[in-house]
Protein chains: 2
Amino acid sequence: MNKRSATIRDVAREAGVSVASVSRALNGQSNVTEATRERVRAAAAQLGYVPHVGARNLSLARSGAIGVVLPDLHGEFFSEVLRGLDRGASAHGFQLLLSNMHVDSELSAAAIGAMNGRVDGLVVMAPHLPPNLLAAMLPPNVPAVVVNPVGEVPPAAQIVRVDNVAAARAMTEHLIDIGKRHIVHLRGPRGNIESDLRERGYRDAIAAAGLTARVLEGDFTEEGGIAAARTLIADRQGADGVFAANDLMAIGVVPTLRDAGLNVPEDIAVGGFDDTPLARLVTPALTTMRIEMVDLGLDVINRLVRLMESREPDAPYLRLPALVVRQTTGAAHA
Amino acid sequence: MNKRSATIRDVAREAGVSVASVSRALNGQSNVTEATRERVRAAAAQLGYVPHVGARNLSLARSGAIGVVLPDLHGEFFSEVLRGLDRGASAHGFQLLLSNMHVDSELSAAAIGAMNGRVDGLVVMAPHLPPNLLAAMLPPNVPAVVVNPVGEVPPAAQIVRVDNVAAARAMTEHLIDIGKRHIVHLRGPRGNIESDLRERGYRDAIAAAGLTARVLEGDFTEEGGIAAARTLIADRQGADGVFAANDLMAIGVVPTLRDAGLNVPEDIAVGGFDDTPLARLVTPALTTMRIEMVDLGLDVINRLVRLMESREPDAPYLRLPALVVRQTTGAAHA
DNA sequence: TTCCCAATTGTAACCGGTTACACAGGTCCG
DNA sequence: CGGACCTGTGTAACCGGTTACAATTGGGAA
């Protein structure tokens, strides 16, 4: 219960050796007598010495941590990705330093800055960052992986993308395949790049099939889904399919439609996006595009680790979500 | 694109002032001429200087980070709590340094050690840590909040507990109240303190009501729930209620029972624990004990911040989960 | 004009580690 | 027996910031 933690000099004094020997002894270097090493160990134990990692990092110029910048943790998507990041980091012996990116870009820059001397690499997921800003705020000498960047990216950064356009197209085509002709897209919030890409994929597929597009504004929340479903019920323009830009909205849509007496999928089929753990468990189970989020996180870390070693980013890495057909577009359920 | 990041001395040289002035200028101290400050700002911008936070931490002896030690991120529970922690940390201007506690206690100790000079406070959630070990591995001078500790806790640490016993009792009593008499408990994994406490609450309530207890082994996974339900279906000992020690298992139990032709809740009622986001959304919606997980996380951070300031832990703080009655023990659903 | 004081600025010590280099002592060799 | 070499250890510089304290400067008071 000392007031101040013991430092390496305290241990050196206690053991009657120099700080260099203490450092060598405790870090398992070979050039120390077993006798000295033992004496140092004893002194360290005696004083309850725990190395000050921050100081060590400073002299070694490496921290054993990876910085993660996320828009927020609210919503399944980032929680799941974080799981993967965490697993990957653990596997490589890194810790994760988390920082929330606020909508305020001023603060975001500060948050990234606050990681500068503390992490060996950076993972940035910022689907709503104003283009060019990202490049400006990334510290120049920290290897970084950016996931689904919207604008310019510094050439030194590794890019990982989820192919939102192709995935959205696939979902839309699936709805068309099962015979739907009046498919409405419930998009995500404005200013979120992924929302835009998914809408683009939807429009592509609709246009290619010679149908007419109809897009409702959404916000990625369950409430948004409920509101959208109400709109559809009220106006009765004969929609027979809904492609929601994420699962949460789809999960709001389905029960609202059913409460209004519409059968899903017979009267209206519904597709989501993300394949959050929820999607499989709700009734009726939700058809969705599976992004292997945990895998994505793992992969991001692996690529970051590679980048930290080579300093040479690979070509952008593209992941294509897979269509998972369940009850909301499939056979009637029990 | 310099090879090495600019340091404060580079900026000082560029601006033609001393390092002290640079530090003062950039940190907004008052004793600097506006002219100097401007010159420093220009030089910093010119060189793309970003302060090295690790170095700053070392001299200030504070890091602006809170260490979080979790058993793993797998499972809704910790994800949700982490969300709360994250929100709280953000609000207080802290970042979160995450570390997974492995089952291997050797490694866990290392993980905690690896936080020593890098965090201002520690949050430890270790429902499966061998008693006394925790006390040994917590660095003596770092304020810590431990959540649901199992054994001895250093007197300097703040304790936050979820009253698992009372909550499990409440759920069991609820099942009794709705008329069930053969209530089986599906417990969590051995070696997890929360599993033990929930079982104890169940046994208390069963004993108080003069009924007979029956406990099945579980593992907190959906598959475990499915397996347990199969057991119940197979042996037909007339169970009319199941209290699963977490939602995930309950979510495995319910559809398995229904697939076997049993009505939930009429033939067998099912209760879960945690109120994960899933619980409300599955069909039939799950009756469960709500732990406000996000709130819990927030609260933990608030208490930690208070502890960091006062160095005086408050009395252990007890949270009591609330019973949320939904369809699996309530009225038949649509 | 001279002295004093406040406002700025610079120098250098410090945070707690790591490690290049110097040095002491012993071994082995010619 | 002297020198080359190897091993173990200590000294002190360094990582990149902050800040106590000293030094410098200019303005106002006496």
Side-chain angles (χ1 to χ4, degrees), chain A residues 2-40 43-44 47-64 113-120 139 141-142, chain B residues 2-40 43-44 47-64 113-120 139 141-142:
Chain A
N2 320 331
K3 2 210 59 129
R4 221 175 41 76
S5 283
T7 76
I8 196 173
R9 317 207 193 237
D10 298 327
V11 177
R13 190 172 328 113
E14 177 79 16
V17 298
S18 74
V19 293
S21 292
V22 175
S23 175
R24 288 191 273 249
L26 295 181
N27 291 323
Q29 313 238 310
S30 56
N31 48 355
V32 189
T33 335
E34 216 27 63
T36 307
R37 193 189 300 279
E38 208 32 67
R39 203 134 42 83
V40 169
L47 297 175
Y49 170 70
V50 185
H52 187 289
V53 184
R56 186 203 310 252
N57 293 163
L58 182 56
S59 38
L60 292 182
R62 90 176 275 294
S63 66
M115 303 210 145
N116 181 38
R118 268 203 295 200
V119 298
D120 298 329
N141 287 310
V142 180
Chain B
N2 320 332
K3 0 211 60 124
R4 221 176 41 73
S5 283
T7 75
I8 195 171
R9 310 195 204 247
D10 298 328
V11 177
R13 189 171 329 111
E14 176 79 14
V17 298
S18 73
V19 293
S21 292
V22 174
S23 174
R24 287 190 275 249
L26 296 181
N27 290 323
Q29 313 236 311
S30 57
N31 47 356
V32 189
T33 332
E34 214 28 62
T36 307
R37 194 190 300 279
E38 208 32 65
R39 203 134 42 84
V40 169
L47 297 174
Y49 170 70
V50 185
H52 187 289
V53 183
R56 177 195 311 223
N57 293 162
L58 182 55
S59 39
L60 292 182
R62 91 177 273 296
S63 66
M115 303 210 144
N116 181 37
R118 266 202 297 199
V119 299
D120 298 330
N141 287 311
V142 180

Gap between atoms [atom1] and [atom2], on [X] and [N] respectively (whole Å):
X: B:H52; N: D:dC14; atom1: NE2; atom2: P; answer: 17 Å
X: A:N57; N: C:dC15; atom1: CG; atom2: C1'; answer: 14 Å
X: A:R39; N: D:dG10; atom1: CZ; atom2: C1'; answer: 13 Å
X: B:L26; N: C:dT9; atom1: CG; atom2: P; answer: 14 Å
X: B:Q29; N: D:dA20; atom1: CD; atom2: C1'; answer: 12 Å
X: A:E38; N: D:dG8; atom1: CD; atom2: C1'; answer: 17 Å
X: B:N27; N: D:dT19; atom1: CG; atom2: P; answer: 8 Å
X: B:R9; N: C:dG10; atom1: CZ; atom2: P; answer: 14 Å

Are [X] and [Y] close enough that some pair of their side-chain heavy atoms sits under 4.5 Å apart?
X: B:R118; Y: B:M115; answer: no
X: A:D10; Y: A:R13; answer: yes
X: B:N31; Y: B:R24; answer: yes
X: A:V50; Y: A:S5; answer: no

For [N], take OP1 and OP2 only and decide whether either is under 4.0 Å from a side-chain N or O of [X].
X: A:T33; N: D:dT9; value: yes
X: B:S59; N: D:dT19; value: no
X: A:T7; N: C:dC15; value: no

Using a cut-off of 4.0 Å on non-hydrogen atoms, how would the nucleic acid contact of [X] be classed: base, sugar-phosphate, or nothing?
X: B:V53; result: nothing
X: B:S23; result: base
X: A:L58; result: base
X: A:A20; result: base

Report the residue (B:A61 or B:G16) whose heavy-atom-nearest nucleotide on DNA chain C is the more 5′ of the two.
B:G16

Selection from [options] that lies nearest to any side-chain heavy atom of [X]:
X: A:P51; options: C:dT19, C:dG10, C:dG17; value: C:dG17
X: B:S21; options: C:dG10, C:dC15, D:dT9; value: C:dG10
X: B:V32; options: C:dG16, D:dT11, C:dT9; value: C:dT9
X: A:S18; options: D:dG17, D:dT11, C:dG16; value: D:dT11
X: B:I8; options: D:dG17, C:dG17, D:dT19; value: D:dG17

No-H, no-angle donor-acceptor pair, A:R24 side chain to D:dG8 base, under 3.5 Å:
no

Quick one: does A:R37 reach the base of D:dG8 with a side-chain donor-acceptor pair under 3.5 Å?
no

Nearest atoms (heavy-atom pairs only) where A:P51 meets A:R56:
CB-NH2, 3.5 Å

If you measure from CG on A:N57 to CG on A:D120, what distance do you get to the nearest 0.5 Å?
7.5 Å

The residue, B:R56 or A:V17, whose nearest nucleotide of DNA chain D is more 5′ is A:V17

